Amino acid sequence: MARHRDTQLDAARGLAVLLVLFGHLLQPVFYGPSGPNPGPALAVWRVIYAFHMPFFFLLCGMVDRVRGDEDIAAASLSALKLVLTALAFSTLALIPPLLDGTVSPGSALLDMLRARDLSLSVLWFLVALGLVRVVYGAALALTFPHAYWVVLGGALAVSWICSAQAFPFWQIHALFGALPFYVAGRRLGRRAFDASALLGVCGLAVLLLCAPRNFVHVATGQYGNPALFAVTAVAGCGFMLAVAGRLRGPPRAVAAFLGRTSFDLYIVSGAFLLLAPYRPDWDRWGLLVLLAAVGLPLHLLAALSLRGPIRAVRRGAEGVVDGLAGWWRLRARIDATGSTRRSRAFPMRILKTCAGPSPASPASRPSMTAPHAIGPDVR
């Protein structure tokens, strides 16, 4: 039976993926070989990146809340699926540079094992989401006093240290910008859509006022001023929740459709970032509007065209994890059954040994191959 989808959550995710796509469209315009260049594209990018990934993790927490609490085993299984999916797409993206010799297989393998510099840069999100789910599952599973807050606080502290020390492995540095919003989504659930219109307007005002003063890039652990990051991320999330909660009719249906296609759009956007050339001549307001008007529909067309292969790769990666998990559960069940049978058989063996062989047992009858059983040759 097909699982019922929450249209409102899908619509919110559709709005979030639009922000992701537009941010990726802007990046080749302002980010050159020497780094980011000031201009309209960077100004808009700063506003989007101040809150759009925290908003995405907030929605992930809300979705997981609706699906039900997961134990640490289920969270670990989900994380393995996400990581293996990221590695599968990263491997596919590595094929062209490996064939033309621009990337060495050894360095590429090492980067993948450390989840650093994945071939499709957007894949960091899958690794980070898996890590967030495992941390949250561990916080729920541990039972010592205040374990929930100790685990979450410790994870944030480690993430901040990794961010400050530029430790880029396994997206630990992204926890600082992801975990608090995921936890908020888990705790609030769909109540978050009750954000008032006034809260949305105030959130937008704060976002536009504060975001240009900071530089945030959760994927690389750059948060700038932590206070400004927190303010802009919360303000932006409040604004987007107020908008998503008020979508009705065709706008809501379109946003929900984008939300259901968000993974395909996400992979296509990663390919765009990989292939797009640096175009500083587009850094003008009019051309940025044109870029959005043309680029977003093209992303959607590409995502719909490649939906089959994209989802096949994802199903394949998840199927490998499911197969390994099923094999592990089967082996554990067999081991448990075997140990139970051995434990039941052990006292019986002791009783039989003490009582000696029974008359019907083979040990009580002479063997036809034993020396004493061979009689004379009677003719």
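Side chains are part of it too, since the values below use all heavy atoms of this structure and drop only hydrogens, waters and symmetry mates. For the single chain, residues carry numbers from 1 onward in sequence order. Computed from a prediction, not measured in an experiment: that's the story for all the values here.
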Test side chain to side chain contact (heavy atoms under 4.5 Å, CB included) on Leu300 and Leu265; report intermediate values, then the result.
CA-CA 6 Å; Leu300 180 58; Leu265 289 166; 4.2 Å; yes
What do the steps show when you test Val127 against Leu82 for side chain to side chain contact (heavy atoms under 4.5 Å, CB included), and what is the final call?
CA-CA 6 Å; Val127 179; Leu82 291 169; over 6 Å; no
Residue pair Val122, His24: steps toward the side chain to side chain contact (heavy atoms under 4.5 Å, CB included) verdict:
CA-CA 10 Å; Val122 298; His24 291 170; 3.3 Å; yes
Run Gln222 and Val216 through side chain to side chain contact (heavy atoms under 4.5 Å, CB included) and show every step you take.
CA-CA 5 Å; Gln222 298 181 71; Val216 175; over 6 Å; no
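Panel note: side chain Thr261, backbone Asp264; no donor-acceptor pair is recorded below 3.5 Å. Side chain of Ser163 to backbone of Gly221: a donor-acceptor contact under 3.5 angstrom is found. With hydrogens and angles disregarded, a donor-acceptor distance shorter than 3.5 Å links the side chain of Ser76 to the backbone of Ile72. Put simply, the side chain of Thr91 gets close to the backbone of Leu87: a donor and an acceptor are under 3.5 Å apart.
Heavy-atom minimum distance, Leu288 versus Trp282: CD2-O, 3.6 Å. Heavy atoms only, all atoms of each residue included: Gly259 and Ser262 are closest at O-OG, 2.9 Å. Among all heavy-atom pairs drawn from Val231 and Cys210, the shortest one is CG1-SG, 4.4 Å. For the pair Asp71 and Ala74, the tightest heavy-atom approach, listed with the atom from each and the gap, is OD1-N, 2.7 Å. Scanning all heavy atoms of the two residues, the minimum distance from Ala271 to Leu120 falls at N-CD2, 3.8 Å. For the residue pair Ala79 and Val134, the shortest heavy atom distance occurs at CB-CG2, 3.6 Å.
In this structure the side chain of Val289 never reaches within 4.5 angstrom of the side chain of Trp285, judged on heavy atoms. Under the 4.5 Å side-chain criterion, counting only non-hydrogen atoms from C-beta, Asn37 is not in contact with Leu42. Counting heavy atoms from C-beta outward, Val183 and Arg187 have side chains that approach closer than 4.5 Å. Residues Leu152 and Tyr182 form no side-chain contact, since every pair of their non-hydrogen atoms from C-beta on lies 4.5 Å or further apart. Between Phe30 and Tyr278 there is no side-chain heavy-atom pair separated by less than 4.5 Å. Residues Trp160 and Leu175 are not in side-chain contact: their nearest non-hydrogen atoms beyond the backbone lie 4.5 Å or more apart. Two residues are said to be in side-chain contact when any heavy atoms from C-beta on lie closer than 4.5 Å; Asp283 and Pro40 meet this criterion. A 4.5 Å side-chain heavy-atom check between Val44 and Ile48 finds at least one atom pair inside the cut-off.
Cluster membership check: Leu21 shares its hydrophobic cluster with Leu274, using side-chain heavy-atom separations under 4.5 Å among Ile, Leu, Val, Met, Phe, Trp and Tyr. Residues Leu129 and Val321 do not share a hydrophobic cluster, clusters being chains of Ile/Leu/Val/Met/Phe/Trp/Tyr side chains in contact below 4.5 Å. Connection of Phe51 to Val201 is not established within any shared hydrophobic cluster, with ILVMFWY side chains joined at heavy-atom distances below 4.5 Å, either directly or through further cluster members. Residues Trp124 and Leu80 fall into different hydrophobic clusters, defined by Ile, Leu, Val, Met, Phe, Trp and Tyr side chains chained together at heavy-atom separations under 4.5 Å. Linking Ile, Leu, Val, Met, Phe, Trp and Tyr residues whenever their side-chain heavy atoms come within less than 4.5 Å leaves Leu58 and Val206 in two separate clusters.
If you check the side chains of His173 and Ser159, you find no donor sitting under 3.5 Å from an acceptor. Checking Asn214 against Tyr49 by side-chain atom types alone, no donor-acceptor pair falls below 3.5 Å.
Using a 4.0 Å cut-off between charged side-chain N and carboxylate O, Asp194 and Arg191 make no salt bridge.
Remark: aromatic rings of His299 and Phe272 are close, center separation under 6.0 Å. Ring to ring, Tyr223 and Phe176 are close: their centroids are under 6.0 angstrom apart.
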Could you give the side-chain donor-acceptor pairs of residues 232-255 under 3.5 Å, partners two or more places apart or in another chain?
unit_1 : atom_1 : unit_2 : atom_2 : d
Thr232 : OG1    : Leu228 : O      : 2.8
Thr232 : OG1    : Phe229 : O      : 3.1
Arg246 : NH1    : Ala195 : O      : 2.8
Arg246 : NH1    : Ala242 : O      : 3.2
Arg246 : NH2    : Ala195 : O      : 3.3
Arg248 : NH1    : Gly245 : O      : 3.0

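Taking the six-membered ring where tryptophan is involved, the planes of Tyr266 and Phe125 are perpendicular, since the angle between them exceeds 60° and thus also 30°. Relative orientation of the His217 and Trp45 rings is tilted, given thresholds of 30° and 60° on the angle between their planes.
To the nearest 0.5 Å, atom CG of residue Leu126 and atom CD of residue Gln171 are 10.0 Å apart. The line from CG of Leu59 to CG of Asp64 is 11.0 Å long, rounded to the nearest 0.5 Å. Rounding to the nearest 0.5 angstrom, the gap separating the CD1 atom in Ile267 from the CD1 atom in Ile310 is 6.5 Å. Within the model, atoms CD1 of Ile161 and CD1 of Ile172 stand 11.0 Å from one another, a figure rounded to the nearest 0.5 Å. Note that the CD1 atom of Ile95 and the OG atom of Ser90 stand 10.5 Å from one another [nearest 0.5 Å]. Atom-to-atom distance recorded for His146:NE2 and Trp149:CH2 is 12.0 Å, nearest 0.5 angstrom.
The number of heavy-atom neighbours closer than 6.0 Å to CZ of Arg284, taken from other residues, nucleotides and ligands shown, is 12 or below. Atom OH of Tyr31 sits in a sparse spot, with 12 or fewer heavy atoms from other residues, nucleotides or ligands closer than 6.0 Å.
The side-chain tip of Arg314 points at the ring of Phe263 from less than 6.0 angstrom away and within 45° of straight on.
Not counting sequence neighbours, Gln27 has no partner by the side-chain hydrogen bond (donor to acceptor under 3.5 Å, both in side chains) test. Considering only residues two or more places apart in sequence or on other chains, Val313 meets the side chain to side chain contact (heavy atoms under 4.5 Å, CB included) condition with Ala88, Phe89, Leu92.
The one candidate from Arg190, Arg67, Arg13 that meets the salt bridge (Lys or Arg N to Asp or Glu O under 4.0 Å) condition with Asp6 is Arg190.
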